[in-house]
Amino acid sequence: VQLQASGGGLVQAGGSLRLSCAASGRTFSNYRMGWFRQAPGKERDFVAGIGWSGGSTVYADSVKGRFTISRDSAKNIIYLQLNNLKPEDAAVYYCAARSGGGTRRYSKYDVWGQGTQVTVSS
């Protein structure tokens with residue numbers, strides 16, 4: 001089971017990025033997918049989650065209305081669209097997967113991608 005995150009980069013405040021998380025190695029139909037982020041010296045925080053089958057979504061309050069999580073089941077890819085980026089959004093972004101119900105606790109996720117860096121200049 002592998003997750004491969006990509007799409008990070010340097011963007012000015014107010015700009016946009018789209019992160020991708022390619023999943024391989026098994027069927028994820030019963031999995032809950034999540035995006036987390038970790039800034040230097042800070043804990044890993046929940047950003048957004050989506051059910052692989054049903055598509056129900058949940059967001060951290062800090063990103064509601066700016067970020068959108070979605071999935072392409074045919075391609076086994078999870079996306080995170082980041083709009084109106086702020087300097088405080090800068091972090092390494094990770095995608096993760098877990099079987100069972102959704103949770104915002106990173107310790108409950110079994111599978112992790114390698115992370116992709118998002119840098120926002122002010």
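Being a predicted model, the structure only gives us computed values, none of them experimental.
Salt bridge annotation for Asp61-Lys64: present, with a cationic side-chain nitrogen under 4.0 angstrom from a carboxylate oxygen.
Crowding of Gln2 atom CD: a count of heavy atoms from other residues, nucleotides or ligands under 6.0 Å not exceeding 12.
The cluster map of Ile, Leu, Val, Met, Phe, Trp and Tyr, joined by side-chain heavy atoms under 4.5 Å apart, puts Ile50 and Val111 in the same cluster. Residues Leu85 and Tyr94 do not share a hydrophobic cluster, defined by chaining ILVMFWY side chains whose heavy atoms lie under 4.5 Å apart. Tracing side-chain contacts under 4.5 Å through hydrophobic residues (I, L, V, M, F, W, Y), one never reaches Val118 starting from Phe46; they form parts of separate clusters. Hydrophobic clustering of Ile, Leu, Val, Met, Phe, Trp and Tyr side chains at less than 4.5 Å, counting indirect connections, keeps Tyr79 apart from Leu19. Linking ILVMFWY side-chain heavy atoms closer than 4.5 Å, directly or via other members, places Val11 and Tyr93 in a single hydrophobic cluster.
Among all heavy-atom pairs drawn from Arg104 and Ala60, the shortest one is NH1-CA, 3.7 Å. What you find for Arg98 and Gly102 is that their closest heavy atoms are NH1-N, 4.3 Å.
No side-chain heavy atom of Leu80 sits under 4.5 Å from any side-chain heavy atom of Arg37. You'll find the side chain of Asp45 stays beyond 4.5 Å of the side chain of Tyr106, heavy atoms only.
Here Asn76 contributes atom CG and Met33 contributes atom CE; the two are 8.5 Å apart, rounded to the nearest 0.5 Å. Here the OH-CD1 distance, from Tyr31 to Ile78, works out to 13.0 Å after rounding to the nearest 0.5 Å. Atom NZ in Lys108 sits 10.0 Å away from atom CG in Asp110 (nearest 0.5 Å). In this structure, OG in Ser6 is found 8.0 Å from CD1 in Ile77, a value given to the nearest 0.5 Å.
Applying the salt bridge (Lys or Arg N to Asp or Glu O under 4.0 Å) rule to Arg18 yields no partners; only residues at least two apart in sequence or on another chain are considered. Not a single salt bridge (Lys or Arg N to Asp or Glu O under 4.0 Å) links Lys42 to another residue, sequence neighbours left out.
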What do the steps show when you test Leu3 against Cys95 for side-chain contact (heavy atoms from CB on, under 4.5 Å), and what is the final call?
CA-CA 7 Å; Leu3 299 176; Cys95 60; 3.8 Å; yes
Assess whether side chain to side chain donor-acceptor pair (under 3.5 Å) is satisfied between Ser56 and Arg32, documenting all intermediate values.
CA-CA 10 Å; Ser56 62; Arg32 188 77 183 178; 2.9 Å; yes
Hey, mind stepping through Gln81 and Ser16 against side-chain contact (heavy atoms from CB on, under 4.5 Å) and telling me if it holds?
CA-CA 7 Å; Gln81 178 69 40; Ser16 298; 3.9 Å; yes
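No side-chain N or O of Ser107 forms a donor-acceptor pair with one of Arg44 less than 3.5 Å apart.
A distance-only check finds no donor-acceptor pair linking the side chain of Gln38 to the backbone of Ala91 [under 3.5 Å].
Ring pair Tyr109/Phe36: centre-to-centre distance below 6.0 Å.
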